[in-house]
Each structure stands twice: as C-alpha cells, then as structure tokens.
Amino acid sequence: MKGKTPKTFAMLLLASALAITAGCSGSGGGTNASEKPVDSGDTTSPVTFTFFGADASPNWNNMKDAVGQEITKATGVTIEAEYDVNNGGDQKIPLMAASGDYPDIIYPKGNLSKLVDAGAMLDLTDLIEEHAPNLKKSMVIR
C-alpha cells in the first residue's frame, strides 16, 4: 500500500494540473482582459469543475455536506462528480478518449494509458521543474 501512495499523488497532481490548464486555455472568442470589470472585493466568483472517478463512491454527495459547503464558501469552487459504479471506467474512459469530451478532472484508475494514447494527458515535467521547484522536491515519483 505504501508504494502506491506516490503514484496516486502524482496522478492526482497531474489531473489537477490538467484541469487548471484546461480551465486557463483561451477559446479565442472571449473578451479582452481590459474590457472585463475588475472585482476588488474579497468575494470569489463561483466555479464548478467536473470530475469523473473510475472508482465507485457511494458516499459522495457533490459537496452538499457541511465540509463541502465551507469549501465552496471559502473558495467559490464546487465539484460536480460522476463515478463509475459498474466497471472501473472500462467503458466510460475509452468513450471519453474516442469522443474527446473530457471532464475537468479525471481519475482513470487502470485506464490512464488510453488517455495518454488519445493525447489527453500533458507532460508537466518541464513546467514543474521551471515553475514549481518546491513541488518537485515534495514529490517522490518512482
């Protein structure tokens, strides 16, 4: 069990970075940054991330419990989660790879290679080395 922790952490880190990268990419049709009003208050704009997990999670309630409400209140972030309750993503993940329609964050379990082959995963090694040296020091990847 101890040997899987760094791999799981690295996969979750990669998924989070992918979600952030996808959320920051421009669509080309947006407004110019100078045209947007600047919010000088302490409030945050609500953001919803979609998540797919290959493991079933019967306890998930899409952040409607007290902890989830506090996270949303403090950050403005909610997570709309979907879990594969039948077969660990063996059908859903290849479908995502074929269609190119991905959630913001994905935990593919044993199907990561299908996402890599489809070009859905980004190698962030160079960016981590350049911009996040402390993150690199804290990661133990074997």
Side-chain angles (χ1 to χ4, degrees), residues 1-33 35-39 41-142:
M1 188 69 124
K2 185 177 179 184
K4 289 186 177 185
T5 304
K7 290 178 185 176
T8 303
F9 177 76
M11 189 179 336
L12 289 174
L13 176 66
L14 180 62
S16 299
L18 178 63
I20 291 169
T21 304
C24 293
S25 66
S27 62
T31 60
N32 193 352
E35 296 173 14
K36 291 183 179 181
V38 177
D39 184 26
D42 290 333
T43 61
T44 56
S45 299
V47 175
T48 300
F49 290 109
T50 55
F51 172 81
F52 175 78
D55 283 334
S57 180
N59 297 327
W60 180 258
N61 60 10
N62 281 332
M63 299 183 70
K64 291 183 175 56
D65 62 357
V67 173
Q69 292 298 317
E70 286 300 314
I71 291 171
T72 301
K73 184 177 164 184
T75 64
V77 174
T78 57
I79 298 174
E80 191 175 297
E82 176 186 356
Y83 289 91
D84 191 349
V85 294
N86 294 325
N87 53 10
D90 289 340
Q91 292 177 353
K92 181 81 173 179
I93 291 174
L95 181 62
M96 287 178 196
S99 69
D101 187 21
Y102 303 102
D104 296 315
I105 305 168
I106 186 167
Y107 173 62
K109 199 173 177 181
N111 292 302
L112 180 62
S113 63
K114 291 179 176 113
L115 296 172
V116 171
D117 292 343
M121 304 303 286
L122 301 174
D123 183 4
L124 301 175
T125 306
D126 294 338
L127 292 172
I128 291 171
E129 287 180 12
E130 182 180 347
H131 299 288
N134 292 331
L135 180 63
K136 184 180 176 184
K137 288 177 191 174
S138 69
M139 292 175 45
V140 178
I141 301 175
R142 297 172 200 241

Set of side-chain hydrogen bond (donor to acceptor under 3.5 Å, both in side chains) partners for Asn111, sequence neighbours left out
Asp90, Lys114
Separation of [Y] [atom2] from [X] [atom1] (nearest 0.5 Å):
X	Y	atom1	atom2	answer
Asp126	His131	CG	NE2	10.0 Å
Ile105	Ile79	CD1	CD1	5.0 Å
Asp65	Glu70	CG	CD	10.5 Å
Asp117	Leu112	CG	CG	9.5 Å

To check you understand the geometry: which heavy-atom pair defines the closest contact between [X] and [Y], and what is its length?
X	Y	answer
Ala118	Ala97	CB-CB, 3.8 Å
Pro103	Phe52	CG-CB, 3.8 Å
Ile106	Ile93	CD1-CG1, 4.2 Å
Pro94	Gly89	CD-O, 3.5 Å

Take Thr78 and Thr48 through the test side-chain hydrogen bond (donor to acceptor under 3.5 Å, both in side chains) and record every step on the way to the result.
CA-CA 5 Å; Thr78 57; Thr48 300; 2.8 Å; yes
Which residue pairs pass the salt bridge (charged side-chain N to carboxylate O under 4.0 Å, His left out) test when at least one of the two sits in residues 46-55, sequence neighbours left out?
Asp55-Lys109
Please name all residues satisfying salt bridge (Lys or Arg N to Asp or Glu O under 4.0 Å) with Glu129, sequence neighbours left out, ordered by chain then number.
Lys136
Any donor and acceptor pair, going by atom type alone, linking the side chain of Thr50 with main-chain N or O of Glu80 inside 3.5 Å?
no
